[in-house]
Amino acid sequence: MSESSPEKEVVVKKNFIHQIVEEEINAGKNNGLIHTRFPPEPNGYLHIGHAKSICLNFGTAQKYKGITNLRFDDTNPSKEDTEYVDSIMEDVRWLGFDWGDRLFYASDYFGKLFEFAVKLIREGKAYVDDQDAETISSQKGTPTRPGLESPCRSRSVEENLDFFMRMKNGEFNEGQCVLRAKIDMASPNMHMRDPIIYRIMKTPHHRTGDQWCIYPMYDFAHGQCDYWEGITHSICTLEFEVHRPLYDWFVDQLKDTDYRPRQIEFARLNLTYTVMSKRKLLELVKDNHVKGWDDPRMPTISGLRRRGYTPASIRNFSDRIGVTKVDGIIDVALLEHSIREDLNKNAQRVMGVLNPLKVVITNYPEGQVEHLEAVNNPENPEAGTRQVPFTREIYIERDDFMENPPKKFFRLSPGTEVRLRYAYFVTCNEVVKNENGEVVELHCTYDPQSRGGNSPDGRKVKATLHWVSVSENVKAEVRLYDRLFTDEEPDGHKDVDFKTFMNPDSLTVLENCYVEPFVKDAKALDSFQFERLGYFNLDPDSTQDGLVFNRTAQLRDTWAKMKGK
RNA sequence: UGACCCGUGGUGUAAUUGGCAACACGUCUGGUUUUGGUCCAGAAGAGUCCAGGUUCGAGCCCUGGCGGGUCAACCA
């Protein structure tokens, strides 16, 4: 799928991280080099929250003529998989960012990390603890109470070395012992209380297979990898703030130059009504509540992509929301505005009828097919025009007709005249109902003088309707996706029950929908906009999902109000 | 009752480093319009968590409160 939006030069708003970077450049730090990294763990698909981080890391480097690495933080084989690695690379590329030849994995460094651990043991700064997990945990103390030193803390260097080698050689079972850094069990910072740096896991790793049965912990890998890769700014989310002293501690043990990577934290993205927890999203996928990570109802990048979001719209969104340390929550309306803005400007329009109501134009010749010119994009004349077939029988949107219209209903009702877009003025004369009293057909007359949509006598109509020819159309199965949202707790970072966000209307399959035949010949285009109804996306590579349709918030509200009346 | 971080309209972000708070989204009016969209014009909405202090002057500096978040995984 290609990018539909022309690349406008994104002017990235200056944020506090840019401020820091500029000050360092001015001070001559790192010779003015800026080197960032995006370090996802391949344990799930990327979501809109990651997009913020991607834009920040790649964007900051771009802004200051630096470079960015992609590094998979794959230190926990029990959760990781190559499927995730592949999807992450695809999503980062789709967003428009390029890591060049700088693709790394934390697992690339398992050897160096092991040697570093040995060095720490030799220096008396690490020891093997063979107490069970519960004991170790209980000795950690609490945030308000200091911890207790492990009896293993005084083990000799030789013994530690021997233990660690045997750990590596698989002589112990999982959980039997761990390697810990010897720092300070009384530190007010829990992360400095002799943190575990290596644990035994007899799980094959997606890249290193069964080469290792001990794996470094995040804290023991991240800063070192940054250091080895020459990262200057290690940008991560707020919850790692308390890890920073430990990050620095390990780098200090390692470094032999003045250079050191600097960890800077920012607030992760929270969106109203949106579930962003990877754990929850995984559960949705595993329990088949959705069809996959790229289900258009999901807040994943791949889900948004299939929903019709463009890379530029997500980048603009990221820029708009800014970067701070304030742990807030952004209104999804801002995200929706970003895509509406983009599609309005760039998407090809096409007429489609989702819920058809047949209209017979009684004074139009039977069998006649007339082609009328329609503009492809009112925002951009260069997008050209297309020919839309008009016939005696057409479909209009059922919602565009009301037999007993309320006061402010401007569309079609008995006796009123409206315009069929690009076609003619029509007046409703007769409402045909079935035995249940349901409206099945309308009989209208058209004004031949109004061809193209204007009457020579200058009379006005209050509404313009979209329509599709009954005989000259493409029948489609349309799936209406609404994003999953939390009803009760409009708070992105609270865990919620599935029931509160598995809104039953989030996926509606409409089987009798009709779109202009133009769509069939427009495979090269991947993004259209339904006239008036909202936006949808046609992805030629995933026809089984039909048309992905995205109602705008405003239209949804309008509909809700109309229904309420 | 520890450590660290954060408090500016409904939401998010700004404020030339001390000079009577700006922008975007949202909301509400009015206008234009071949779709109740778009576009245009305008309005409402915070006196910057609170209390002191320094200063001619504080959202920015100082002190003390209050409120929120994070941290006690052999997760990242």
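Note that the structure is a prediction, hence the values are computed from the model and not measured. Proteins get letters first, then strands, A, B, ... in listed order; numbering begins at 1 in each.
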Original post:
A:Asn454 near the nucleic acid: base, sugar-phosphate alone, or nothing, with a heavy-atom cut-off under 4.0 Å?
Top reply: base
Original post:
So, is A:Thr144 near the phosphate of B:A3, with a side-chain N or O under 4.0 Å from OP1 or OP2?
Top reply: no
Original post:
At under 4.0 Å between heavy atoms, what does A:Asp73 touch on the DNA or RNA strands: base, sugar-phosphate, or nothing?
Top reply: sugar-phosphate
Original post:
For A:Ala333 and A:Phe410, take the nucleotide of RNA chain B holding the closest heavy atom to each; which residue's nucleotide lies nearer the 5' end?
Top reply: A:Ala333
Original post:
With sugar-phosphate meaning primed atoms plus P, OP1 and OP2, does A:Asn380 contact a base, only sugar-phosphate, or nothing at under 4.0 Å between heavy atoms?
Top reply: nothing
Subject >> Under-3.5 Å donor-acceptor pair between A:Arg145 side chain and B:G2 base >> reply: no
**OP:** Tell which nucleotide pairs with B:C23, taking only Watson-Crick or G-U wobble pairs whose two distances are both under 3.5 angstrom.
**Re:** B:G12
**OP:** Have a look at A:Tyr198 and say if it touches a base, only the backbone sugar-phosphate, or nothing, with a 4.0 Å heavy-atom cut-off.
**Re:** nothing
Original post:
Checking ring-ring contact (aromatic ring centres under 6.0 Å, His included) for the pair A:His222/A:Tyr218: CA distance, chi angles, key distance, verdict?
Top reply: CA-CA 6 Å; A:His222 205 96; A:Tyr218 163 86; 5.0 Å; yes
Original post:
B:C6 and B:G42: how far apart are their P atoms, nearest whole angstrom?
Top reply: 38 Å
Original post:
Just checking A:Ile321: base, sugar-phosphate only, or nothing, at a heavy-atom cut-off of under 4.0 Å?
Top reply: sugar-phosphate
Subject >> Residues A:Glu174 and A:Gln176: side-chain donor-acceptor under 3.5 angstrom >> reply: no
**OP:** Assign A:Ser338 to base, sugar-phosphate, or nothing according to its heavy-atom contacts below 4.0 angstrom with the strands shown.
**Re:** nothing
**OP:** Starting from C1' on B:C4, measure out to NE2 on A:His191 and report it in whole angstrom.
**Re:** 10 Å
Original post:
Any side-chain N or O of A:Thr324 under 4.0 Å from OP1/OP2 of B:G12?
Top reply: no
Original post:
Is B:U70 syn or is it anti, if syn means the base angle is within 90 degrees of 0?
Top reply: anti
**OP:** Map A:Ala463 and A:Tyr218 onto RNA chain B by nearest heavy atom, then report which one ends up closer to the 5' terminus.
**Re:** A:Ala463
Original post:
Within 45° of the axis and under 6.0 Å from the centre of the six-membered ring of A:Phe425, does NZ or CZ of A:Arg459 qualify?
Top reply: no
**OP:** Report yes if a side-chain nitrogen or oxygen of A:His337 is closer than 4.0 Å to either non-bridging phosphate oxygen (OP1 or OP2) of B:C25; otherwise report no.
**Re:** yes
